[in-house]
Amino acid sequence: MTKKNLTTSDITRLKKMYAKHLPWLVSLAEESAACNEFKNRLQAALNTHQTDNAVVRTISRLISYDGSVINELSTGQAIRIETLSHLWQFLRGEVICSTHTDLLLDLYHQFAALTEKPEIKDDIAWMKRQMNRWQTGLDKEVLAIREANRERIIKELIKKIDRQHGGNSRYQFEESFNFEQKYAKVCEWWKLSHFHLSMAIKSPTELNTFLGNSLPEHTMRLLTDARKKKMPFFVTPYYLSLLNPTDAGYDDATIRTYILYSQELVDTYGTIKAWEKEDIVEAGKPNAAGWMLPEGHNIHRRYPEVAILIPDSMGRACGGLCSVCQRMYDFQSERLNFDLEALKPKESWDKKLRRLMHYFEEDSQLQDVLITGGDALMSQNATLRKILDAVYKMALRKRKANEGRPEGGKYAQLQRVRLGSRLPAYLPMRVNDELVDILREFKEKASVAGVSQFIIQTHFQSPLEVTPEAREAIKAILSAGWTITNQLVYTVAASRRGHTAKLRQLLNTMGVVCYYTFSVKGFQENYAMFTPNCRSLQESEEEKIFGRIPSEKIGELNNLIKGTKDLGRNLTHFLKDNHLLFAATDRSVLNLPAIGKSMTFVMAGITPDGKRILKFEHDATRRHSPIIDHMDQVYIVENKSVAAYLRQLQSMGEDPEAYKSIWYYTDGKTEPRFPLFEYPEFSYKATATVTNLQLE
């Protein structure tokens with residue numbers, strides 16, 4: 001008996017699978033003397049099925065695109081689609097490369113779906129079992145392992161400080177200190193974010209030492225190669241304590257893969273290209289989205305309403321370098337780095353900040369400023385206060401200037417201020433009393449200037465990052481009246497069944513609202529981390545569904561989030577009352593170069609090595625740069641086949657059978673935005689004129 005195999009790379013086995021389960025398709029190819037004849041006869045056979053059949057539509061689309069040449073947006077390369085041509089050759093027994101097996105496997109599942117209805121999970125008990133597989137940073141077993149980690153790391157820190165005796169560091173022991181006194185002092189310093197930044201691990205050898213020499217030889221070789229290529233490496237003692245260096249206990253793959261680089265990332269470092277082409281700024285020229293920007297690399301922009309501000313400060317660094325970082329291109333060019341002393345703001349930054357605020361002030365559509373980097377909270381409190389004060393004064397001036405403008409000619413005023421930071425997860429002790437006071441004071445002042453949305457946009461990647469320290473940081477930020485939203489990157493480790501659902505649930509109990517689930521951008525450096533977009537669709541339909549808010553309850557939840565002081569408890573009550581496992585307020589999206597975030601696509605083809613070719617449309621639920629009206633069709637080639645992804649999951653201990661419906665997710669549609677993330681309506685009629693835009 002020939003069993004179907006979800007991940008086989010054996011071409012002989014594939015031939016037997018087609019012959020046993022799809023004999024009609026084999027006969028059709030054998031009886032067709034040319035590929036066009038095969039496609040015509042295949043389409044005629046499909047026409048006998050129901051026209052509203054999604055599988056029929058997918059295969060018909062593959063037929064229609066076969067032989068066409070498309071322009072792949074991210075690389076600019078012209079690609080000829082030959083999906084059905086390769087299938088025809090294979091079915092006729094003609095020579096075909098062994099690397100085509102993932103293409104043939106994907107096509108097999110598409111055709112098999114014509115007669116076998118895919119099983120879609122819809123069982124809350126099953127969902128709970130999947131979620132319960134994943135431990136959190138608050139579980140007793142996890143805390144016990146981490147306490148042992150902390151003790152080991154503190155002992156290594158004592159040795160490190162002793163070696164640095166007499167240096168410039170503020171963290172020095174008194175000459176008379178014995179070991180117990182040194183240990184107590186490091187425990188005291190452990191509560192300070194600056195201590196962790198000062199003592200960050202910056203080399204593979206040091207990393208291995210702090211992890212109890214638990215890293216395998218091949219990992220050490222890889223990290224050494226990365227160091228030779230001058231690839232930055234920066235991990236704080238706190239975040240390192242979250243890993244599990246033992247052979248037992250919790251699965252830390254989701255956070256471990258964030259600090260241990262893949263072979264593909266190391267190999268490509270130095271030649272990485274900017275996926276987000278609009279981030280490439282040339283003086284006097286519009287970016288890829290058509291926006292004219294000030295000189296330098298302080299402002300990035302894609303949408304009419306939003307601008308990203310990257311300050312010339314320590315905010316250009318992070319609490320650690322995420323291996324999947326969307327700004328790896330900027331680390332490569334050293335615009336972002338970990339030279340914290342050199343990144344302290346210079347006198348010239350004050351002048352530049354005024355010029356940047358003038359750009360915002362004179363923009364007719366801007367109403368949302370996202371201060372990030374790097375990481376917004378890496379800036380020192382005094383620097384952050386100065387930046388926020390400049391934003392506040394700019395908002396006031398813009399509001400005042402509008403008083404002299406006529407109805408229909410008034411500019412959009414600032415309504416939303418966001419701080420992008422991963423420090424609540426990476427370094428939660430950064431959230432100190434002074435920072436909370438700065439946030440509270442800014443909200444009080446900026447509210448008078450018309451700003452109504454104050455958001456810390458953070459990034460928890462795993463339930464294991466939600467520690468007692470992170471819980472306290474979240475509580476402190478919420479006490480300042482700011483909303484905390486979370487976005488995660490849908491890496492392979494994070495995409496395992498139930499993992500994202502468990503993270504949503506845990507964050508909700510603390511009052512954090514989920515915002516985006518991002519697909520990994522698909523260049524080769526991120527091959528190891530990339531999850532095909534069909535898995536995002538599968539998660540949305542089969543897992544996120546257990547947190548989907550009933551339409552008649554959306555307004556109630558939105559008001560609850562905006563108005564409550566004890567959001568975690570009240571949100572938990574809301575979920576319980578409505579029989580929800582979590583609040584699915586996040587949207588699954590891919591950041592398209594120059595286009596924006598979208599998950600609206602159809603599969604137009606498959607490359608010879610099995611990578612899906614997706615034709616994207618922009619997100620029709622929001623405004624975009626007018627550049628989209630001047631662009632060709634948007635095609636993206638994913639950087640990993642579905643079969644390769646399933647093999648990767650299998651190597652991590654997952655059963656591919658648990659994901660077997662993944663093949664049938666070939667069409668995506670961007671989910672609607674939760675009302676919290678919409679801009680409030682203006683009390684006046686704003687101008688339709690778009691400034692700072694130049695379409696070539």
Side-chain angles (χ1 to χ4, degrees), residues 52 54 120-128 130-131 305 368 415-416 452-453 455 457 483-488 490 498 500-519 533-564 566-590 596-602 617-624 661 664-665 667-682:
D52 63 346
I120 304 298
K121 294 288 187 183
D122 186 18
D123 180 353
I124 194 167
W126 168 85
M127 186 71 251
K128 288 179 178 178
Q130 297 301 316
M131 293 169 66
E305 300 97 341
D368 183 352
Q415 300 203 80
R416 179 184 296 167
S452 60
Q453 298 179 338
I455 298 171
Q457 194 163 294
T483 301
I484 304 177
T485 63
N486 191 67
Q487 53 191 39
L488 71 89
Y490 208 50
T500 299
K502 183 60 172 279
L503 178 61
R504 292 188 190 103
Q505 183 183 65
L506 183 59
L507 291 175
N508 285 168
T509 64
M510 297 179 186
V512 178
V513 185
C514 296
Y515 183 33
Y516 278 128
T517 298
F518 282 113
S519 289
N533 288 285
C534 54
R535 173 63 185 124
S536 294
L537 299 180
Q538 183 187 43
E539 200 276 340
S540 179
E541 291 299 314
E542 300 180 19
E543 297 167 54
K544 192 189 292 187
I545 191 171
F546 295 104
R548 199 144 289 152
I549 302 103
S551 56
E552 68 274 12
K553 293 286 186 174
I554 289 177
E556 178 184 340
L557 177 58
N558 189 47
N559 291 333
L560 184 150
I561 293 171
K562 291 192 297 184
T564 183
D566 194 356
L567 180 55
R569 186 180 66 178
N570 290 334
L571 185 50
T572 300
H573 287 322
F574 175 88
L575 297 176
K576 184 178 180 180
D577 291 344
N578 290 280
H579 309 289
L580 300 172
L581 297 182
F582 48 84
T585 52
D586 58 306
R587 298 203 295 171
S588 298
V589 292
L590 172 66
K597 303 170 184 67
S598 178
M599 193 54 78
T600 301
F601 67 81
V602 295
E617 301 288 343
H618 66 273
D619 173 15
T621 67
R622 68 173 302 168
R623 290 182 66 202
H624 287 263
S661 63
Y664 315 118
Y665 290 97
D667 297 16
K669 185 176 181 181
T670 310
E671 296 159 299
R673 289 208 292 183
F674 186 69
L676 180 72
F677 307 123
E678 300 286 357
Y679 298 110
E681 293 289 334
F682 289 120

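For clarity, every value in this text was computed on a predicted model and none was experimentally measured. For the numbers below, each heavy atom of this structure counts, side chains included, while hydrogens, waters and symmetry mates do not.
Looking at every heavy atom in both residues, Leu537 comes nearest to Asp667 through CD1-O, 3.4 Å. The minimum heavy-atom distance between Leu507 and Cys514, with the atom names listed, is CD1-SG, 4.4 Å. When all heavy atoms of Val512 and Thr485 are compared, the closest pair comes out as CG1-C, 4.3 Å.
No donor-acceptor pair under 3.5 Å is formed between the side chain of Asp123 and the backbone N or O of Met127. Put simply, the side chain of Glu671 never gets that close to the backbone of Val589: no donor and acceptor are under 3.5 Å apart. Although no hydrogens or angles enter the test, the distance criterion places a donor-acceptor pair under 3.5 Å between the side chain of Asn578 and the main chain of Phe574. A donor-acceptor distance shorter than 3.5 angstrom exists from the side chain of Gln415 to the backbone of Pro680, with no hydrogens or angles considered. A donor-acceptor contact shorter than 3.5 Å is absent between the side chain of Ser540 and the backbone of Ser536.
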**OP:** Dump the intermediate steps for side chain to side chain contact (heavy atoms under 4.5 Å, CB included) on Glu542 and Tyr665, then the final yes or no.
**Re:** CA-CA 11 Å; Glu542 300 180 19; Tyr665 290 97; 2.7 Å; yes

Original post:
Going through the distances and angles, do Lys553 and Leu580 end up as a side chain to side chain contact (heavy atoms under 4.5 Å, CB included)?
Top reply: CA-CA 12 Å; Lys553 293 286 186 174; Leu580 300 172; over 6 Å; no

**OP:** Assess whether side chain to side chain contact (heavy atoms under 4.5 Å, CB included) is satisfied between Phe674 and Leu557, documenting all intermediate values.
**Re:** CA-CA 10 Å; Phe674 186 69; Leu557 177 58; 3.8 Å; yes

**OP:** Check step by step if side chain to side chain contact (heavy atoms under 4.5 Å, CB included) holds for Met131 and Leu581.
**Re:** CA-CA 10 Å; Met131 293 169 66; Leu581 297 182; 3.7 Å; yes

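A donor-acceptor contact closer than 3.5 angstrom links the side chains of Thr670 and Thr600. For the residue pair Ser661/Gln538, the side-chain donor-acceptor check at 3.5 Å is satisfied. Counting only N and O atoms by type, the side chains of Thr500 and Glu543 include no donor and acceptor under 3.5 Å apart. Residues Arg535 and Ser588 have side chains that never bring a donor and an acceptor to within less than 3.5 angstrom of each other.
With salt bridges taken as basic N to acidic carboxylate O contacts below 4.0 Å, none links Arg673 and Asp619.
Remark: Asp368 pairs with Arg416, Arg418 by the salt bridge (Lys or Arg N to Asp or Glu O under 4.0 Å) rule, at least two apart or across chains. In this structure, Arg622 has no salt bridge (Lys or Arg N to Asp or Glu O under 4.0 Å) partners at least two apart in sequence or on a different chain.
Glu541 contributes atom CD, which lies 16.0 Å from atom OH of Tyr664 (distance to the nearest 0.5 angstrom). Between Leu503 atom CG and Gln505 atom CD the span is 10.5 Å, to the nearest 0.5 Å.
When side chains are defined from C-beta on, Gln453 does not count as touching Phe677, because their heavy atoms never get closer than 4.5 Å. When side chains are defined from C-beta on, Ile484 does not count as touching Leu567, because their heavy atoms never get closer than 4.5 Å. A 4.5 Å side-chain heavy-atom check between Val513 and Tyr515 finds every atom pair outside the cut-off. Two residues are said to be in side-chain contact when any heavy atoms from C-beta on lie closer than 4.5 Å; Asp586 and Lys544 meet this criterion. The side-chain heavy atoms of Pro672 and Thr621, taken from C-beta on, include no pair separated by under 4.5 Å. Within the 4.5 Å cutoff, side-chain heavy atoms of Thr517 are placed close to those of Arg504.
In Glu681, the CD atom is not crowded: 12 or fewer heavy atoms of neighbouring residues, nucleotides or ligands sit closer than 6.0 Å.
Paired with Thr585 under the rule side chain to side chain contact (heavy atoms under 4.5 Å, CB included), one option of Ile549, Leu676, Asn508 passes, and it is Ile549.
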